[in-house]
Structures are given as C-alpha cells and as structure tokens.
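Step one of this worksheet: look at the structure below.
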Amino acid sequence: MSITEDNNKRLKDIQKLDRIQDADMAALLDPVQVNYTELSIKGKRYPAWRIIYNRALGPGEGGIRFHPEVDEDEVKSLAFWMALKNSLADIPYGGAKGGVCFNPKEADKAELEEVSRAYIQAFHPYLGQDKDIPAPDVYTDGQIMSWMLDEFEKQVGHHEPGMITGKPVELGGITMRGDATAQGGYFITKKMVETFLSGKKDLSVIVQGFGNAGLYMTEKLHQDGFKIVAVSDSKGGIYDKEGLNVPALIECKKKGKQVCEYEAGDTVTNAELLELPADILVLAALSNQVTKENAKNIQANYIIELANGPVDYDADGILEANKKIVIPDILANSGGVIASYFEWAQNRTGQILEEDYLRTLLEKKMNGNWKKMYDVFQERSGKVTLRQAAYILAVNRILSAERLRGRIK
Ligand code: NAD
C-alpha cells in the first residue's frame, strides 16, 4: 500500500471523528502543486520533485531529501505531513517537501554540488521566502543548503537568505538549527515521561537512526540520565542491556564509522533492534519501519516518531490495541521546522536573536503544542489516539484558514 493511501485512511478517520464535510476535506486530499523534473548530471538522470501540499496558512516549507529510493508518493506524503506539522505548530507556513532520487553516498563533493545546483536551476521559479522555503532532510545538510542558496541568488539576481533554512551561520543560519529536531523531541519526551510515567528515572531507550535527528536525541537523553541500550544506522545496530557508552559511540560515528563498527555490545540487525526490550523506542530513520509485520513484536511501551511516518496505518491499530503510546511525528519532530521559522523570521527582519532566547522559545512552543494535543486526547478520552488528537487540531486549523480565504464554504 502507498503512503498516500495510508494518509488518506488517517484523514478519513479524522473526518468521521470530527464530522467534517466531504467538500471541506477535499482541500486536503491532494497537493496544490507538484513539480517534477529529471536532473541530468554527467550522462545520468535523477528524478527530482518539489511538492507543495497546501498553502492556506502561508508559503510552502519543508526539507529536501537525497535518497536512492525517493519517489513521488513519498515526497507527496512528506509534504502532507509538513502541512499538518506546520499547522499544529502554529507557524505561518503551508507544507512542502522535495526529493532527488539519487544516492549521495556514492557521489563525491563535486557531484553533490552539481545535483544541488541543478535542483535549484530546475525549481527556482517556484521557490522564494514568500513562495516555498526548503530545509535539510535525510542526507542533505548545511553545505547543500549553502550551494542551493548561492544558486538561487545567482538565478534571481539578489540576496534572499530567507529562501532556504538550515544554512550555516555565516550565510544567515542560526546555531540551534543543527540540533533543533532532537531538542524539540527531547522536550516532548520529557513531557511524555512526566505525563504517563510520573517523571520516572533511568528509563531505557532504543534509537533507530543515528543521523542529525537520532544522534543528537541520543546525546540529549543520555546527558539527562536515560539509559541508551541500542542504536542503529543504515548498516545495522548495536545493543547492550546495561547501557551503551554514548560519548564514545558518538566519537566513533563522527570519525565516519558505522555504529556496528563500535567495539562493545552485541551487533543486531535493524529489524531486531526495533523488537528489543526497552521502555522507549525512538524512531529517527525513515518511513514505514513499524508495519503490520512487526508491530505486534514491539516491546517498548512508548514510541517517539522523530522520523516522518515511521509507523504505518495498520501498525497504528496494532500498537493501540497493545496499549502502546505513540508520540506522533507531526509533534515529536516539529522542533526542526520551528527553528527553521526562527531562522526565516531573523533573515526577514534583520534582527539577530540570542541562542539561549531561541532555545527557551522552542521549549515554550513544544510544551504548548504538547498541551494542546494532550487536552484534545483527554477531552476525547478513550476515543482517539495521540496521533488523532494532533491531526484533529492540525486539520481544523488548515480548514479554518481555507474557509476564511473563501476557498471552502
Ligand atoms: P540524516 O540523513 O542525518 O540521518 C539518517 C540516519 O538514518 C542515518 O544515521 C542513516 O544511517 C540512518 N538510516 C537510514 N536507513 C536506516 C535504516 N533502514 N535503519 C536504521 N537507520 C537507518 O537524516 P535526519 O535529518 O536525521 O532525518 C531522519 C528522520 O528524521 C527522517 O525521517 C527525517 O524526515 C526526519 N526529520 C528530520 C528533521 C531534521 O531537521 N533533520 C526534521 C524533522 C524530521
């Protein structure tokens, strides 16, 4: 089943729960703009997309992914989740996403730069600080944002740092953007532990994915006394029920090694890692990791979706039946886009804001958004999951903006 079909099922559930008219919901069933091209680099052709899902709340906003398995269904779904995430976070953006079907691990720096610039040459007419604002995602980073900004400014003939976020500070980025997704996820984890586990200490944690989101999340949880028992990256995982030496593991990863090359603990496959015993499972890699095939084997009682769409629709039902608590992606990983908003606002106003102030602001925003979601969850006690509570808020804010604009009646 495609991810889009899964998302439509989730929307159907929300429509039923909230008695939303078909004509209204139609505004959320398809993206408003799909741009597709093939980038031609040294005789190879790479499919590339930029998709805006909705813009009732503001310009498009969402990352660009470089991955050999990216396809239109995935980019469309990622754009859909961005629309809901931006809405739930109360920031003035619609939702968008981009992707290039290409393996950056097989490319040298020159080819990475060529792909980045070619992407902007193809899509620059649709991008801009008031049109659609990209950011980093899987296998894209500050260097790629820098080449993209440079190419965009070349094409349009003026400086416009607010056209892209996740930039290095020299080009108008903010220091906290680097670890903001994990920082936000950490604040939400603390709220979850306070709410469902009476602030219990020494909880054990598994982290799938050891890139930007997963590595910083592991570090923050470890520094706060959580016991990290397993982590993985694309090549496999490592497990020690007594707790891994996180600083040494991070050191090893930063030297360019894979986590499974770390010489301690037991090596495990990515599939095995998800089913290990622990209190909390943090999913920080890719979509569709927990499905109907493995959902029943998940032992952790609390699942945090730092990745986008790591739990599919069928798995949602199985996890709910097994009384597992899933903290939905559109809340758990929204720290990244909220920091992108801070960066964009700073680029536009010219004001320079202190990092401490921005971190405090992020904490306030994450905690406030947790409360909004949890209030709906409690008001409808036993009838909705946390994901559905978050979707109800996000969908209704977009529909309300559509209504105010007169696009739906
Ligand atoms: P990244 O490229 O920095 O890291 C991805 C990590 O996942 C790498 O460690 C990679 O080895 C690992 N990985 C890939 N396939 C895997 C597999 N099958 N099993 C286990 N690990 C695997 O990407 P990122 O920015 O950390 O993004 C990770 C997830 O978080 C994505 O779903 C992304 O959409 C989401 N996310 C990221 C941000 C952000 O600001 N970076 C914001 C919101 C959501």
Side-chain angles (χ1 to χ4, degrees), residues 2-8 10-11 28-37 39 46-89 91-102 104 115-116 119-120 122-124 126-129 131-141 144-145 148 152 163-166 177 180-181 211-213 284-288 305-310 328-330 332-341 344 394 398:
S2 75
I3 318 179
T4 302
E5 282 167 342
D6 256 21
N7 285 335
N8 287 346
R10 285 185 173 134
L11 280 182
L28 275 175
L29 293 181
D30 289 301
V32 293
Q33 188 178 306
V34 177
N35 290 108
Y36 170 76
T37 192
L39 308 179
Y46 301 123
W49 295 264
R50 186 70 192 172
I51 296 182
I52 302 188
Y53 204 88
N54 187 277
R55 45 181 160 223
L57 295 168
E61 215 298 342
I64 298 174
R65 176 173 294 199
F66 287 177
H67 195 277
E69 279 154 33
V70 167
D71 60 16
E72 187 161 318
D73 177 55
E74 183 173 44
V75 181
K76 204 199 281 186
S77 305
L78 288 161
F80 167 77
W81 291 318
M82 285 311 299
L84 295 189
K85 192 185 306 182
N86 294 334
S87 173
L88 181 70
I91 49 181
Y93 293 140
K97 205 82 180 188
V100 183
C101 180
F102 139 84
V115 171
S116 307
Y119 185 89
I120 296 298
F123 294 130
H124 76 86
Y126 314 107
L127 302 172
Q129 61 183 6
K131 290 184 184 171
D132 181 12
I133 306 128
D137 191 67
V138 174
Y139 301 152
T140 55
D141 59 12
I144 289 171
M145 299 304 107
M148 288 184 166
F152 180 83
M163 67 74 51
I164 201 159
T165 60
R177 180 63 183 85
T181 302
N212 175 286
L286 299 170
S287 314
N288 286 350
E305 294 187 321
L306 218 49
N308 286 302
D329 48 5
I330 64 165
N333 70 31
S334 61
V337 73
I338 294 173
S340 279
Y341 166 69
W344 176 79
I398 298 174

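All values derive from a computational prediction rather than experimental measurement.
- Two residues are said to be in side-chain contact when any heavy atoms from C-beta on lie closer than 4.5 Å; Asp132 and Tyr126 fail this criterion.
- Counting only heavy atoms from C-beta outward, the side chains of Met148 and Leu127 never approach each other to under 4.5 Å.
- In this structure, the side chains of Arg50 and Thr37 stay at 4.5 Å or more apart for every pair of heavy atoms.
- Smallest separation of non-hydrogen atoms from Ala56 and Asn54: N-OD1, 2.8 Å.
- Ile144 is not listed as a side-chain neighbour of Pro136, based on a closest heavy-atom distance of 4.5 Å or more.
- The two residues Tyr341 and Pro92 have their closest heavy-atom pair at CE1-CD, 3.5 Å.
- Atom CD1 in Ile338 sits 10.0 Å away from atom CG in Asn333 (nearest 0.5 Å).
- Applying the side chain to side chain contact (heavy atoms under 4.5 Å, CB included) rule to Asn7 yields the partners Ile3, Arg10, Ser77, Phe80, Trp81, Tyr391; only residues at least two apart in sequence or on another chain are considered.
- Pro59 and Ile133 get closest at one heavy-atom pair: CG-CD1, 3.8 Å.
- Separation of atoms CG (Leu78) and OG (Ser287) is listed at 5.5 Å; rounding is to 0.5 Å.
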Could you please spell out the steps behind the side chain to side chain contact (heavy atoms under 4.5 Å, CB included) verdict for Thr140 and Met145? CA-CA 8 Å; Thr140 55; Met145 299 304 107; 4.1 Å; yes
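- In this view, Ala135 and Glu61, Thr165, Arg177, Ser340 satisfy the side chain to side chain contact (heavy atoms under 4.5 Å, CB included) rule, not counting sequence neighbours.
- Panel note: side chain Tyr119, backbone His124; no donor-acceptor pair is recorded below 3.5 Å.
- Separating the CE atom in Met82 from the OG atom in Ser87 is a distance of 11.5 Å, to the nearest 0.5 Å.
- A heavy-atom distance below 4.5 Å is not found between the side chains of Val70 and Val100.
- A donor-acceptor contact shorter than 3.5 Å links the side chain of Asp329 to the backbone of Gly309.
- Nearest approach of Ile52 to Pro31, heavy atoms of both residues: O-CB, 3.5 Å.
- A donor-acceptor pair is defined here as one N or O able to donate and one able to accept, closer than 3.5 Å; no such pair exists between the side chain of Asn86 and the backbone of Ile91.
- At distances below 3.5 Å, at least one donor-acceptor pair connects side-chain atoms of Tyr53 with backbone N or O atoms of Leu28.
- With Phe66 as the fixed residue, the ring pair (Phe, Tyr, Trp, His ring centres under 6.0 Å) test singles out one of Phe102, Tyr139, Tyr46, Trp49: Phe102.
- Between Leu306 and Ala284, the shortest heavy-atom contact is CB-CB, 4.0 Å.
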Verdict with reasoning, Gln129 to Trp344, per side chain to side chain contact (heavy atoms under 4.5 Å, CB included): CA-CA 8 Å; Gln129 61 183 6; Trp344 176 79; 3.9 Å; yes
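- For residues 68-82, the set of pairs meeting the salt bridge (Lys or Arg N to Asp or Glu O under 4.0 Å) definition, not counting sequence neighbours, comprises Arg65-Glu74.
- Summarising the geometry of Leu84 relative to Ala394, their closest heavy-atom pair is O-CB, 3.3 Å, with the distance given to 0.1 Å.
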